Amino acid sequence: MISLRAIRLEDVSRRFGAHLAVRHVSLTLRAGEVTLLLGPNGAGKTTLMALLSGLLPWTQGRITAEAEGGGEAAWGDVVARTPETLGLVSHASLLYEDLSGRENLTLFGGLYGLRGAALRERVDELLERVALREAASRRVTAYSRGMRQRLSIARAIIQRPRVLLLDEPYTGLDSAGVRLLHDLLGEERDRGALLVLITHQLDLPPGLVDRAIVMEQGRVQADGAPGAELASWYEARLRGAP
Amino acid sequence: MSDRRQARATRRGAGETGGEAAAPRAASLGPGLRPGLGRQAWLLLRMDLLSELRTLETPLTILFFAFLQVVIFTFAFWADEDTARAVAPGVLWVTITFAGTLAIDRSFAKEQDGRTLTALRLVPGAPRALYLAKLLSNLTFLLMVVCFATPLVIGILGVSLEAGQLPLLGLTLLLGVLGFSALGTVFSAMLVSVRRRGVLLPIVLYPVAIPLIVMGVKATVTLLERRPDPEVWSWLRLMTAIDVLYVVAGAWLFTSTLDDE
């Protein structure tokens, strides 16, 4: 299994035709940290996440993975060789609608190589964790938006990924679901995973996020510790203040 | 470098510009869980068939469509018994092709509904397993059409068939639908994000599938006219060669197609 210490982006850009969606981004994301990606619509957050997931190639720069022992590898190589490193919660549910919650988790767990009792235990554990045990045998089509989101989060972590990318994971979640998500994020961080969270929600509980990065027009505008100061600065930016 | 080409390059691990090769120390970031291709394909196939069994959407649609075609062709071509027997192989193969296209068109509907292709691309080995699973799933539906339409055509058009001819007829039909499923699986994946894929699928699929279908028709005619077995076998050998080509090329094209999605 990968012992990832950090992902380093150096001068990374992504172009769509004439539009530069991500511009010369350089930063280091560390394992055991929750990094919050903020920014108005069209700031390049989702594109940056797609680059990190390996689903989209970058057009300039380099992304490297640093291993615990000090080794280093091209991030594209790590993703291609060991895609189970990544867990992804995206705008879409990434679930099979005609299958039940349990069947979805069993399928993805099985595809990642879990089987037998280990697979059943992991599926039960996650269904319990995301409070879907009672709805486990219902088809996803019968799930509410929030239930789908919780199942989607469970699917993303079934293989215990080292990198968890969450794009707007709060969509559809009620207050209990939000609390559950915060607990899960904390647990994954404590496990040593590297987490990147995109959200427009600023009232996050203290201590949940280790670092906040603000993007605008594809560039990193601010990078630092989260807190009231950053939140008020960001809100002022959104209102159009200089 | 085009986006698509670079997407493939990135998935292979050489995504960085400047031609940086994978660092030799990448081995330290070794693989974790590694399930086998067979097991992954079985899991995906089971999921596919389970979903279909619940809704029965595809099986009922294709079988009803096959029935309608046989009825329409019977009325259209019935002049006398000799004519009916002469057109029977063509009617059978056209029915299988058209009804099969309906099933193939639905191949990736489930993946599209929840955009699960994105999740599957993150699972090691899953694209290749998905090809195998979808190929087998399409093959299952086409064999359903074969099992339904063959006795119907033989019965309605009054084709006389001896028991000894059945294994060869079965083999002919199997080889035909295998190659057709392989082609259909790839083209269906290529068109997965195209809005009017239902219209486009036959347009791109049939020209490539025609040689195989023509061979299938020829083999069936030869068989029903009770010509010597070696004549039938010469067609079957050609069909086998084409099947191998379609299945192998399909596996390669399919993974490239998914990378481009």
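Naming convention: chains lettered A, B, ... in sequence-line order (proteins, then strands); numbering from 1 in each chain. Predicted model, so just to flag it, every value in this text is computed and none were measured.
Both the backbone and the side chain of A/L99 come within contact range of chain B, each with at least one heavy atom under 4.5 Å from a heavy atom of that chain. Neither the backbone nor the side chain of A/S13 comes within contact range of chain B; no heavy atom of the residue lies under 4.5 Å from a heavy atom of that chain. At a 4.5 Å heavy-atom cutoff, B/E52 makes no contact with chain A through either its backbone or its side chain. Residue B/L50 touches chain A through its side chain alone, counting heavy-atom pairs closer than 4.5 Å.
Ranking B/R46, B/K110, B/Q40, B/R39 against chain A, the residue ahead of the rest is B/R39, based on heavy-atom pairs under 4.5 Å.
Of the charged side-chain nitrogens involved, at least one lies within less than 4.0 Å of a carboxylate oxygen, so that A/E97 and A/R148 count as a salt-bridged pair. Note on A/E68 versus A/R162: no salt bridge recorded, every NZ/NE/NH1/NH2 to OD/OE distance being 4.0 Å or above.
Annotation: B/R115, atom CZ; neighbour count of heavy atoms from other residues, nucleotides and ligands within 6.0 Å does not exceed 12. Environment of CD in B/Q112: crowded, with over 12 heavy atoms of neighbouring residues, nucleotides or ligands closer than 6.0 Å.
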Next on the checklist: Is there a side chain to side chain donor-acceptor pair (under 3.5 Å) between B/Y206 and B/T101? Walk through the geometry before answering.
Outcome noted: CA-CA 9 Å; B/Y206 292 165; B/T101 307; 2.6 Å; yes
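Chain B is approached within less than 4.5 Å, heavy atom to heavy atom, by A/R139 from residues 124-144 of chain A, ordered by number.
Residues that satisfy the side-chain contact (heavy atoms from CB on, under 4.5 Å) test with A/T106, not counting sequence neighbours, are A/R102, A/L119, A/V123. Here B/F148 pairs with nothing under the ring-ring contact (aromatic ring centres under 6.0 Å, His included) rule; sequence neighbours left out.
For residues 37-64 of chain B, the set of pairs meeting the ring-ring contact (aromatic ring centres under 6.0 Å, His included) definition, not counting sequence neighbours, is empty.
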